[in-house]
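Note sheet for the following structure.
Reckoned from all heavy atoms, side chains included, excluding hydrogens, waters and symmetry mates. Numbers here are sequence positions counted from 1.
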Amino acid sequence: MARLRVRLVVTADDFGYCPRRDEGIVEAFLAGAVTSVSLLVNGSAAESAAELARRHQIPTGLHANLSEGRPVGPARHGASSLIGSEGFFLGKMGFRRAVAAGEVILAQVREELEAQLSRFRELLGRDPTHVDGHQHVHVLPGVCRVFAEALQACGVRFTRLPLERGVDGCAWLEAPARAFAGAVEQDARAAIGPFVHHGLRGPWPSPPTEAFWSCCPGAHRWTDVFVGLSTCGRNMSTHRVLEALTRALEGTPTGQAVSAELMAHPGYPSVPPLGGCGEGPDAFSCSSDRLHELRVLTAPALRAQLARDGVQLCTLEDLDRKRPREEAPSKAARETLLEPSPP
């Protein structure tokens with residue numbers, strides 16, 4: 001990595017899930033280990049999290065949630081394809097099964113996304129810096145189109161494409177985690193077409209290059225590379241984070257500027273009944289996994305090695321401000337750039 005110019009956004013997901021989670025996230029931000037957060041507006045601590053974001057000037061995006069807890073839009077008040085009989089979302093795998101079976105009404109997905117964007121503005125007093133998906137719901141078939149349309153309509157510039165290179169070869173991942181990561185990557189690849197069609201544009205050709213963005217001033221985007229599927233919870237370590245970045249950057253020409261995102265879930269363990277999105281905290285939130293991530297991210301070893309490798313931590317807005325402003329290429333050149341490389 002020392003031969004490359006890498007700018008790394010470290011995003012803490014699930015801000016607003018519970019006060020203890022938020023305490024750890026803010027601690028990581030103030031330590032310089034986290035540069036961005038994604039807020040669950042239906043989280044039990046969303047209001048206090050928004051206050052923390054304002055107080056500490058934390059770059060905050062929306063963690064769009066269609067799978068856990070209660071909705072914030074019209075589905076909250078009546079029958080909807082998004083919720084079960086108890087009035088809660090269908091769950092991480094339940095929502096995926098419903099989408100695959102064609103049981104989810106996409107117009108209701110749009111209503112809920114718009115309601116969450118509106119709630120975000122109420123809480124923060126501004127638009128989100130980015131929008132991504134809780135449990136990666138934003139790249140699911142059909143949902144990705146609605147998601148892209150909603151972001152295009154409200155002018156949000158950044159999202160996440162959860163494609164992590166080589167995650168299928170990470171032997172430390174248990175079978176369910178590896179299968180889920182594989183499914184997420186498959187969905188993310190399929191989402192590229194709808195994302196591009198509706199104004200969300202990605203870093204082509206491969207190897208990734210920021211020169212692409214000069215042809216699309218004002219375009220929406222995601223980082224050149226993404227890591228985090230292989231380093232979640234107890235699977236995170238300094239070595240594995242660095243290894244994931246190295247895999248992701250293989251083949252990138254020497255001296256090239258590259259943007260990257262590390263998805264993280266730091267925090268202190270939830271203590272029931274506090275936390276969650278209406279159903280109480282889940283097992284992962286109550287476990288030591290969140291604290292483990294917090295300790296890895298804030299330990300001197302990781303940040304020292306990133307600095308030695310020339311990796312600069314930054315925000316998504318930093319990427320936007322520093323994007324090349326070269327003369328736009330011809331229409332034919334733009335069409336060539338927009339052709340995705342084979343997996």
Report task. Side-chain contact test, heavy atoms from C-beta onward, threshold under 4.5 Å: evaluate it for Phe29 versus Thr35 and give yes or no. Result -> no

Query raised in the report: Distance only, no hydrogens: is a donor on one side chain within 3.5 Å (strictly under) of an acceptor on the other, for Ser81 and Glu103?
Result: no

**Report entry** Partner of Leu161 by side-chain contact (heavy atoms from CB on, under 4.5 Å), out of Ile192, Val225, Asp132
**Finding:** Ile192

Query - Rounded distance (nearest 0.5 Å) linking atom CG of Leu274 with atom OH of Tyr17 - result: 12.0 Å

Query raised in the report: Regarding Glu261 and Thr11, is there a side-chain donor-to-acceptor distance under 3.5 Å anywhere?
Result: yes

Query raised in the report: Is any side-chain N of the basic residue among Arg157 and Asp127 closer than 4.0 Å to the acidic one's carboxylate O?
Result: no

Query raised in the report: Checking Thr298 side chain against Leu294 main chain: does a donor-acceptor pair fall under 3.5 Å?
Result: yes

Query raised in the report: Between Phe195 and His138, what is the ring plane arrangement, given parallel below 30°, perpendicular above 60°, and tilted in between?
Result: parallel

**Report entry** Steps toward side-chain contact (heavy atoms from CB on, under 4.5 Å) verdict (Val271, Arg20)
**Finding:** CA-CA 8 Å; Val271 178; Arg20 286 177 57 80; 3.8 Å; yes

Query - From Asp282 atom CG to Ser270 atom OG, the distance as rounded to the nearest 0.5 Å - result: 7.5 Å

Report task. Please determine, by modelled atom types, if Ser38 and His130 share a side-chain donor-acceptor pair under 3.5 angstrom. Result -> yes

Report task. Tell me, with the steps shown, if Asp318 and Arg7 meet salt bridge (Lys or Arg N to Asp or Glu O under 4.0 Å). Result -> CA-CA 9 Å; Asp318 290 334; Arg7 287 173 291 157; over 6 Å; no

Requested in this report: Check whether any side-chain heavy atom of Val37 sits under 4.5 Å from a side-chain heavy atom of Pro59, and report yes or no.
Outcome: no

Query raised in the report: Out of curiosity, does Met93 fall in the hydrophobic cluster containing Val137 (side-chain heavy atoms, cut-off under 4.5 Å, transitive links)?
Result: no

Query - Heavy atoms of other groups near Arg295 CZ, more than 12 under 6.0 Å - result: no

Query raised in the report: Between CD of Glu149 and SG of Cys154, what distance do you get to the nearest 0.5 Å?
Result: 12.0 Å

Query raised in the report: Do Thr60 and Arg126 pass the side-chain contact (heavy atoms from CB on, under 4.5 Å) test, and can you show the C-alpha distance, the side-chain angles, and the key distance before you say yes or no?
Result: CA-CA 10 Å; Thr60 306; Arg126 59 168 176 78; 3.5 Å; yes

**Report entry** Carboxylate-amine/guanidinium proximity below 4.0 Å for Glu68 and Lys92
**Finding:** no

Query raised in the report: Is a side-chain donor-acceptor pair under 3.5 Å present for Ser259 with Thr223?
Result: no

Report task. Quick one: pull up CG in Leu173 and CG in Leu229 and give me the separation to the nearest 0.5 Å. Result -> 8.5 Å

Query raised in the report: Hey, what do you get for OG (Ser118) to CG (Leu62), rounding to the nearest 0.5 Å?
Result: 11.0 Å

Requested in this report: Walk me through it: do Glu293 and Arg290 pass the test salt bridge (Lys or Arg N to Asp or Glu O under 4.0 Å)?
Outcome: CA-CA 5 Å; Glu293 287 199 31; Arg290 305 287 187 165; 5.8 Å; no

Query raised in the report: Taking atom types as modelled, is there a side-chain donor on Glu112 or Gln116 under 3.5 Å from an acceptor on the other?
Result: yes

Query - Residue from Arg178, Arg240, Arg247 passing salt bridge (Lys or Arg N to Asp or Glu O under 4.0 Å) with Glu164 - result: Arg247

Query raised in the report: Arg97 side chain to Leu90 main-chain N or O, any donor-acceptor pair under 3.5 Å?
Result: no

Query raised in the report: How many angstroms lie between atom CG of Leu313 and atom CG of Leu262, to the nearest 0.5 angstrom?
Result: 8.5 Å

Query raised in the report: With no hydrogens and no angle check, is any side-chain donor or acceptor of Arg165 less than 3.5 Å from a backbone partner on Glu250?
Result: yes

Query raised in the report: Above 12 or not: heavy atoms from other molecules or residues under 6.0 Å from CD of Gln186?
Result: no

Requested in this report: Apply side chain to side chain donor-acceptor pair (under 3.5 Å) to Asp14 and His134, showing your working.
Outcome: CA-CA 8 Å; Asp14 303 338; His134 184 50; 3.3 Å; yes

Requested in this report: Using the side chain to side chain donor-acceptor pair (under 3.5 Å) rule, take Gln305 and Thr238 through it: C-alpha gap first, then chi angles, then the decisive distance, then the call.
Outcome: CA-CA 9 Å; Gln305 188 59 53; Thr238 294; over 6 Å; no

Query raised in the report: What do the steps show when you test Asp289 against Asn235 for side-chain contact (heavy atoms from CB on, under 4.5 Å), and what is the final call?
Result: CA-CA 9 Å; Asp289 286 20; Asn235 292 316; over 6 Å; no

Report task. State plainly whether one hydrophobic cluster holds both Trp222 and Val167, where clusters connect Ile, Leu, Val, Met, Phe, Trp and Tyr through side-chain heavy atoms under 4.5 angstrom apart. Result -> no

Requested in this report: Only counting residues at least two apart or in another chain, list the ones meeting side-chain contact (heavy atoms from CB on, under 4.5 Å) with Phe88.
Outcome: Arg70, Glu86, Glu279

Report task. Spell out, as yes or no, whether a donor-acceptor pair under 3.5 Å connects the side chain of Ser287 to the backbone of Phe284. Result -> yes

Query - Residue pair Phe120 / Leu39, side-chain heavy-atom distance below 4.5 Å - result: yes

